[in-house]
Protein chains: 2
Amino acid sequence: MSLIVQKFGGTSVANAERLFNVANIVTQTYKQGNDVVVVVSAQGDTTDDLIAKANEINPNASKREMDMLLTSGEQISASLLAMAIEKLGFPVVSLLGWQAGFYTSSAYGTARIKRVTPDRIKKEIDKRNIVVVTGFQGVNRYDDMTTLGRGGSDTSAVAIAAVMNADLCQIYTDVEGVFTADPRKVKGARKLSVISYDEMLELASLGAQVLNNRSVEMAKKYNIELEVLSSLTKAKGTIVKEATKVEKMMISGIAKDEDVARVSIIGVPDRPGLAFKIFSKLAAKNINVDIILQSIGRNGTKDISFTVSHDNLKETIDLLNPYVDLIGATSVVYDENVAKVSAVGAGMETHPGIAAEMFEALYEANINIKMISTSEIKISVLIDSKDADKAVAAVHDKFFGNALDA
Amino acid sequence: MSLIVQKFGGTSVANAERLFNVANIVTQTYKQGNDVVVVVSAQGDTTDDLIAKANEINPNASKREMDMLLTSGEQISASLLAMAIEKLGFPVVSLLGWQAGFYTSSAYGTARIKRVTPDRIKKEIDKRNIVVVTGFQGVNRYDDMTTLGRGGSDTSAVAIAAVMNADLCQIYTDVEGVFTADPRKVKGARKLSVISYDEMLELASLGAQVLNNRSVEMAKKYNIELEVLSSLTKAKGTIVKEATKVEKMMISGIAKDEDVARVSIIGVPDRPGLAFKIFSKLAAKNINVDIILQSIGRNGTKDISFTVSHDNLKETIDLLNPYVDLIGATSVVYDENVAKVSAVGAGMETHPGIAAEMFEALYEANINIKMISTSEIKISVLIDSKDADKAVAAVHDKFFGNALDA
């Protein structure tokens with residue numbers, strides 16, 4: 001008998017028909033003799049609808065009240081799913097985050113799980129109940145409701161799997177697994193049968209929104225085997241596990257991130273410590289900086305460029321503008337019409353030619369590269385956003401186009 | 001400085017505009033230097049919508065999951081109201097039933113408040129926060145969500161007022177107070193400025209759904225002065241308080257209850273103990289029986305009739321049908337097309353002619369009386385449901401028609 005954690009996203013539980021589809025998956029797993037803990041997100045657009053309702057009343061509502069509002073979403077989906085499972089004749093109980101023992105930090109809206117105390121879950125499993133837990137939420141040390149931020153239900157599922165030593169954590173979603181590129185956009189994109197945590201992390205942070213990044217980090221830390229699969233087809237999904245157990249693919253995927261803007265500080269005096277000061281200023285405001293590029297000095301000055309998300313652009317500019325004078329730089333300029341295209345693969349560590357092949361593909365497609373950033377298992381380029389889809393297709397075709405069995 | 005508990009029903013918080021109307025009432029009270037605890041129901045038709053959603057999935061869903069679902073309704077309205085109060089610039093915090101210390105019995109769907117531990121409410125009031133509490137809900141000893149049944153938010157409000165020694169408990173609703181009859185249906189119905197707990201109890205249990213019955217019982221027990229008033233007009237409402245402080249009105253109101261069905265067991269053998277057995281059987285299933293009538297014995301048998309709500313009719317019949325054979329009765333028959341019309345007034349204790357006047361009014365309107373039941377301050381008659389409105393008008397006209405200043 002195994003313990004299996006199954007997480008279902010909002011589209012998987014969007015309506016009565018979908019809920020019964022999920023109830024069938026869950027009870028099939030239970031009938032095979034497994035213990036099953038189910039983690040659910042809010043139905044379909046519920047969270048967005050609740051946010052719209054709140055904005056109508058008070059666009060500056062406190063995050064505490066926002067979390068109080070939003071946590072109702074999973075409460076509804078969890079109880080409805082439990083009712084569907086009851087209808088199929090199986091013993092089930094739904095639990096809210098606080099009932100399931102999810103204790104989080106106090107940061108409303110972006111809380112982090114501090115610990116999971118699964119006493120209640122264990123008690124229900126001992127009674128042979130299927131346990132449905134609300135994802136995305138917990139309770140902080142003031143006994144107030146918190147949410148983990150977008151995609152937090154993945155993290156909830158992995159946290160339960162970790163603390164309960166689950167044998168498998170299945171993340172059911174609306175795609176069939178992890179693909180070499182977005183299958184809706186790239187012809188020939190194919191599903192990976194297996195991928196390492198690190199590759200998945202790179203892909204996730206690069207805009208492939210199949211899995212929430214924190215959930216993959218946690219799965220890696222506790223060595224929880226994940227399976228990403230669709231709730232709507234019967235197809236096998238993608239297994240995410242330790243790199244040592246994964247045959248190294250040259251390239252496991254091509255990802256695109258359009259939520260990116262380039263900021264450049266022009267004419268920064270060539271003195272030590274200025275870059276540190278600039279970036280610690282941004283870090284203090286929780287602004288995440290991605291690709292950083294520093295030009296070679298010229299006339300005692302240099303240019304520093306980096307990328308931020310669109311959300312953070314205005315704050316970044318407002319923060320740097322007065323600072324630019326202070327440090328004696330010339331100006332701050334920015335470009336919103338950029339996109340980041342990345343190739344990820346654990347195999348590239350040992351294959352030095354990958355970067356060159358990627359640049360060749362972009363050259364052949366007549367796409368200009370604005371910035372480059374690499375890690376052991378990733379190459380990212382910044383290009384004009386209008387070229388993004390073409391770039392993904394070109395790079396994907398370069399690595400996957402000639403090998404249908406890759 | 002006074003502590004005032006204000007309860008707002010579903011129509012009072014149905015949309016953004018109404019929420020701001022409520023926020024204005026609450027913050028006005030707060031600005032006058034009072035501590036304010038607000039109890040809210042779910043918005044408008046939320047509870048009905050959630051029930052419909054559940055029925056679509058599983059009409060026989062467990063009551064536990066039903067309560068898990070329904071408690072989300074007040075969670076949404078409470079947080080939205082808190083956001084509206086924040087928008088007006090006042091300090092506020094919303095609390096769920098369990099956070100506010102509402103411990104209930106385990107009877108999902110019809111839980112009773114066992115105790116209220118208002119530590120958290122007090123702490124928030126000490127911080128000068130306006131406290132918004134979800135009505136209608138609590139938590140049982142298993143740490144599971146429970147609901148108090150329809151109208152339970154009134155009880156929540158009175159319970160807080162009782163345990164915190166509030167100076168006043170205002171029940172805001174969509175009518176301006178307690179009327180001598182339903183003002184939407186009866187011409188000349190007028191608002192009472194004051195009414196005793198007992199009269200209010202009779203009126204409430206007779207179908208005048210202004211106040212939940214348990215809330216009035218609790219207010220009476222703890223001597224909490226209630227005010228029933230409209231959230232939409234500025235008019236003074238009706239005060240509900242101790243009988244000794246209320247001038248006895250001959251008749252304080254006429255009420256109609258259409259949610260009633262008559263059940264008759266025909267040919268019950270005239271043996272002691274059978275009536276007891278029949279009604280204890282119903283009580284064991286939590287079926288509430290109202291007017292009971294037993295015919296005079298004939299040929300060693302008698303007929304026993306009583307009324308139940310429509311909800312309980314099927315279960316009652318199913319329960320009694322096999323039992324009828326067992327005790328040697330003839331059959332069980334029922335009539336759904338009946339209604340109960342009642343006159344309530346503390347003054348009728350000392351005015352023996354009231355019943356006769358009421359029957360006269362019905363006779364003049366050519367309405368047949370099927371059953372009669374009386375208490376010290378109430379006379380109820382069972383009639384054809386098609387005659388219900390006519391009967392209320394006739395009885396109201398009899399007692400109030402000629403005295404505009406009554």
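Just so it is clear: chains get the letters A, B, ... in the order the sequence lines come, proteins before strands, and each one is counted from 1.
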Is it the side chain or the backbone of Asn15(A) that comes within 4.5 Å of chain B heavy atoms, both, or neither?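 No part of Asn15(A) comes within 4.5 Å of chain B.
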What part of Leu96(A) lies closer than 4.5 angstrom to a heavy atom of chain B: side chain, backbone, both or neither?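 It is both, since atoms from each part get that close.
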Atom CG of Leu95(B) and atom CG of Asp143(A): how far apart are they, to the nearest 0.5 Å?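 Going from CG on Leu95(B) over to CG on Asp143(A), the span is 10.0 Å.
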Could you tell me the separation between the CD1 atom of Ile85(B) and the CG atom of Asn58(A), rounded to the nearest 0.5 Å?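 That separation rounds to 11.0 Å.
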What part of [X] gets closer than 4.5 Å to chain A, counting heavy atoms only: side chain, backbone, both or neither?
{"X": "Leu19(B)", "answer": "side chain"}
{"X": "Glu74(B)", "answer": "neither"}
{"X": "Gln99(B)", "answer": "side chain"}
{"X": "Ser77(B)", "answer": "neither"}
{"X": "Val93(B)", "answer": "both"}

Does a donor on one side chain and an acceptor on the other come within less than 3.5 Å for Glu65(A) and Ser79(B)?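 Checked: Glu65(A)/Ser79(B) side chains show no N/O donor-acceptor pair below 3.5 Å.
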Counting only heavy atoms not in [X], do more than 12 fall under 6.0 Å of its [atom1]?
{"X": "Glu17(B)", "atom1": "CD", "answer": "no"}
{"X": "Lys234(B)", "atom1": "NZ", "answer": "no"}
{"X": "Tyr222(A)", "atom1": "OH", "answer": "no"}
{"X": "Arg128(B)", "atom1": "CZ", "answer": "yes"}

Check whether any side-chain heavy atom of Gln43(A) lies under 4.5 Å from a side-chain heavy atom of Lys53(B), and answer yes or no.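 Yes; the side chains approach each other to less than 4.5 Å.
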Would you say Met83(A) and Ser62(B) make side-chain contact, with heavy atoms under 4.5 Å?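 Sidechains of Ser62(B) and Met83(A): no contact.
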Do you know which of Leu70(B), Asn60(B), Ile76(B) has the most heavy-atom pairs under 4.5 Å to chain A?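 Among the listed options, the one with the most contacts to chain A is Ile76(B).
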Residue among Ala78(A), Gly73(A), Ala23(A), Ala61(A) with most heavy-atom pairs under 4.5 Å to chain B: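 That would be Ala61(A).
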Quick check: closest heavy atoms across Ala16(B) and Ile57(A), and the distance to 0.1 Å?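 It is CB-CG1, 3.9 Å.
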Which heavy atom of Trp98(A) sits nearest to which heavy atom of Met145(B), and what is that distance?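 Taking every non-hydrogen atom into account, CZ2-SD, 3.9 Å.
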Is there a donor-acceptor pair closer than 3.5 Å between any side-chain N or O of Gln75(A) and the backbone N or O of Met68(B)?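 Between the backbone of Met68(B) and the side chain of Gln75(A) there is a qualifying donor-acceptor contact (under 3.5 Å).
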